[in-house]
Each structure stands twice: as C-alpha cells, then as structure tokens.
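First comes the structure, then the notes that go with it.
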Amino acid sequence: MQAILDLVRDVPDFPRPGIMFKDITPLLADAAAFGGCIDALCEPWREQGVGAVCGIESRGFIFGAAMARALGAGFVPLRKAGKLPPPVIGVDYGLEYGLDRLEIGTHALAPGEKVVVVDDVLATGGTLEAGRRLVERLGAEVVGASVVIELAGLNGRARWSGDLPLHALIGY
Ligand SMILES: O=P(O)(O)OC[C@H]1O[C@H](OP(=O)(O)OP(=O)(O)O)[C@H](O)[C@@H]1O
Ligand SMILES: Nc1ncnc2[nH]cnc12
C-alpha cells in the first residue's frame, strides 16, 4: 500500500479553504499502482457472487468500472442529479464540502442482486451512505463497500451501516 500512499497528492485549501484535498490522479496515471489498487479493491469480493458494482460519480466510476470488469460483474453508475435519463430515484446528502443529490435508474438493479458500492474517498460518509440507500431502495442487496482512501478523522465509517463490511485501502 506504500506505493499507493506515495501517489496520492495533498492539495491544501481545495476546493474550499480548510480542506486538504486528496488528489488521486497521480495514482491513476501509474499503470502498476493503479492495477495493484484495483486488485486490492477486488480482493474481499471474489467468490461472493457480486452481480453489480455501483460506482459513485465521478471518481467512483474510475475504480468501480475497473473492479466490475475484474470481478466479472456489471457496472451501475450512481450519478449526480439530472445526469441519468428517467425513470430515476434519488437521495439528497451532505458531504465534506457541500450538499448534493445522487440518483440511480429504477431498472438498474434486480431485486436481491448482490452489490458492492465503490468510491475513491470516504470523508464524512454522506456520499457512501446515500449510495447504499439508493441500492437498497431498489431491493438489491448491498454486500459491502470499498474505498481507496478513508479520512478517518472525519468519522465517516460511523455512518456506514453497522454490520456491512467497509474496506479501505489506506487511511489518514
Ligand atoms: O464522505 P463524503 O464527505 O460524502 O465525501 C466523499 C465524496 O466526496 C468526493 O466526491 P465529490 O462530490 O467531490 O465528487 P467528484 O468525485 O465528482 O469530484 C469523493 O469522490 C466522494 O464521492
Ligand atoms: N479531502 C478530500 N479529498 C478528496 N476527496 C474528498 N471528498 C471529500 N473530502 C475529500
């Protein structure tokens, strides 16, 4: 995991004063580190019958789509408001630096389908929780979540549902 840590860049005061932004673009640009990252993200979910990986817009798409391919699962995008064609359902949520709304197509998942929710960063946890709620509202089964980075000081893990696994590759 040291290679991944070394390729995450700290950007102070972005996108707002007081936020230490974790920039994952150097990690994405490094073929070996990105590949290792996807392998490590997939590890807990192999042989678990995952039918779909739900990636959260936009950085969650990058990791989620690669994981879906590696797991032999489908990819389902959880998108910001107004981006998916109807019919959709949505939830409003707060994140470390603002408010937003996440949506999913109402026919995107089958009832009971096993789903992993994926994002790049867990900060306050509002985004990941919104993703879980959307999937569950369609009657699919969230088996857990994966993130590359957990900002442990913001306690987002406490917002994730009690007994569902939440895997983070690196923590700060
Ligand atoms: O745990 P939280 O406090 O909810 O924050 C985490 C979310 O914040 C960032 O997304 P952002 O909304 O900035 O979107 P982006 O991926 O399009 O940059 C990040 O990619 C996570 O989705
Ligand atoms: N500090 C941070 N860096 C990168 N993405 C984030 N999403 C929420 N907080 C973030």
Side-chain angles (χ1 to χ4, degrees), residues 1-30 33-34 37-38 40-42 44-45 52-68 75-85 88-105 108-109 115-137 142-162 164-172:
M1 287 312 120
Q2 190 59 43
I4 295 176
L5 265 174
D6 291 345
L7 288 166
V8 175
R9 188 173 69 106
D10 278 355
V11 185
D13 299 318
F14 180 85
R16 312 245 186 290
I19 301 291
M20 180 62 79
F21 189 81
K22 299 293 183 186
D23 176 21
I24 50 135
T25 57
L27 166 62
L28 299 176
D30 185 302
F34 183 45
C37 180
I38 297 303
L41 286 168
C42 287
W45 311 117
V53 175
C54 284
I56 299 179
E57 186 170 359
S58 58
R59 287 170 269 154
F61 287 179
I62 302 165
F63 297 98
M67 284 177 68
F75 177 77
V76 173
L78 306 183
R79 296 211 63 180
K80 304 287 171 66
K83 299 288 189 179
L84 284 171
V88 299
I89 57 168
V91 294
D92 297 310
Y93 64 96
L95 71 165
E96 190 186 8
Y97 37 69
L99 293 173
D100 226 323
R101 180 175 176 81
L102 211 55
E103 295 179 342
I104 189 172
L109 297 169
V115 170
V116 176
V117 182
V118 175
D119 209 347
D120 65 328
V121 174
L122 177 73
T124 63
T127 306
L128 205 64
E129 184 199 14
R132 179 185 57 76
R133 285 166 55 202
L134 281 179
V135 171
E136 288 178 347
R137 277 174 59 186
V142 176
V143 293
S146 286
V147 297
V148 180
I149 297 167
E150 176 176 5
L151 302 179
L154 294 172
N155 210 23
R157 187 172 282 272
R159 285 181 74 166
W160 183 247
S161 189
L164 288 179
L166 167 55
H167 296 285
L169 294 191
I170 54 178
Y172 290 89

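Both ligands and their constituent atoms are indexed starting at 1 by order of listing. Only a predicted model underlies this, so the values are computations on that prediction, with no experimental measurement involved.
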Ligand 1 to Gly126, heavy atom cutoff 4.0 Å, flagged ligand atoms 1 (O), 4 (O)
Answer yes or no: is there a side-chain heavy-atom contact under 4.5 Å between Val11 and Met20? no
Quick one: are Glu129 and Tyr93 in side-chain contact, heavy atoms under 4.5 Å? no
Looking only at protein heavy atoms, identify the closest one to atom 18 (O) of ligand 1 and say how far it is in Å. Arg59 NH2, 2.9 Å
For atom 7 (C) of ligand 1, what is the closest protein heavy atom, and at what distance to 0.1 Å? Thr127 OG1, 3.5 Å
Kindly confirm or rule out an N or O of Ile56 lying under 3.5 angstrom from an N or O of ligand 1. no
What residue and atom, counting heavy atoms only, is the protein's closest point to atom 14 (O) of ligand 1, and at what distance? Lys80 NZ, 3.1 Å
Looking at Glu96, which atoms of ligand 2 are within less than 4.0 Å of one of its heavy atoms? 1 (N), 2 (C), 8 (C), 9 (N), 10 (C)
Consider every N or O of Lys22 and every N or O of ligand 2, then say whether any pair is closer than 3.5 Å. yes
Minimum non-hydrogen distance to atom 17 (O) of ligand 1, winning option of Ser58, Gly131, Pro15: Ser58
Sub-3.5 Å donor-acceptor pair from the side chain of Glu57 to the main-chain atoms of Pro77, do we have one? no
Under 3.5 Å, N or O to N or O, is Met20 touching ligand 2 that way? yes
When you compare the side chain of Val147 with that of Val121, does any pair of heavy atoms fall below 4.5 Å? no
Within the structure provided, determine whether Phe75 and Val118 are in side-chain contact (heavy-atom separation under 4.5 Å). no
Residue and atom name of the nearest protein heavy atom (relative to atom 22 (O) of ligand 1), distance in Å to one decimal: Asp119 OD2, 2.5 Å
What protein heavy atom sits nearest atom 12 (O) of ligand 1, and how far off is it? Leu95 CD1, 3.0 Å
In this structure, atom 6 (C) of ligand 1 is nearest to the protein heavy atom Val121 O, 3.4 Å
Any sub-3.5 Å donor-acceptor pair from Asp23's side-chain atoms to Asp10's backbone N or O? no
If we only count heavy atoms from C-beta on, is the Cys54 to Leu109 side-chain gap below 4.5 Å? yes
Mind checking whether Val148 and Leu41 have side chains closer than 4.5 Å, heavy atoms only? yes
In this structure, does ligand 1 have an atom that sits under 4.0 Å from one of the heavy atoms of Glu129? no
Any atoms of ligand 1 less than 4.0 Å from a non-hydrogen atom of Glu96? List them with their elements. 3 (O)
pair Phe63-Ile56: side-chain heavy atoms closer than 4.5 Å: no
Is a donor on one side and an acceptor on the other found under 3.5 Å between the side chain of Arg9 and the backbone of Thr25? no
Note: ligand 2 atoms sitting under 4.0 Å from heavy atoms of Ala123 are 8 (C), 9 (N)
Report yes if Tyr93 has an N/O atom closer than 3.5 Å to an N/O atom of ligand 1; otherwise report no. no
Looking at ligand 1, would Gly125 count as a contact under a 4.0 Å heavy-atom criterion? yes
Given Asp120, Thr124, Ile62, identify the one with the heavy atom nearest to atom 19 (C) of ligand 1. Asp120
Suppose I only count heavy atoms of Arg59 and a 4.0 Å limit; which atoms of ligand 2 are within that range? 4 (C), 5 (N)
Any salt bridge linking Arg157 with Glu150? Criterion: basic side-chain nitrogen under 4.0 Å from a carboxylate oxygen. yes
Which of the ligand 2 atoms, numbered from 1, are nearer than 4.0 Å to a heavy atom of Tyr97: 5 (N), 6 (C), 7 (N), 8 (C), 9 (N), 10 (C)
Find all atoms of ligand 2 within a distance of less than 4.0 Å from any non-hydrogen atom belonging to Leu151, and give their numbers and elements. 1 (N), 2 (C)
Can you find a heavy atom in the side chain of Phe34 that is under 4.5 Å from one in the side chain of Ile62? yes
Tyr97: heavy atom below 4.0 Å from ligand 1, yes or no? yes
Atom pair CG (Leu169) and CG (Asp120), whose distance is rounded to the nearest 0.5 Å: 11.5 Å
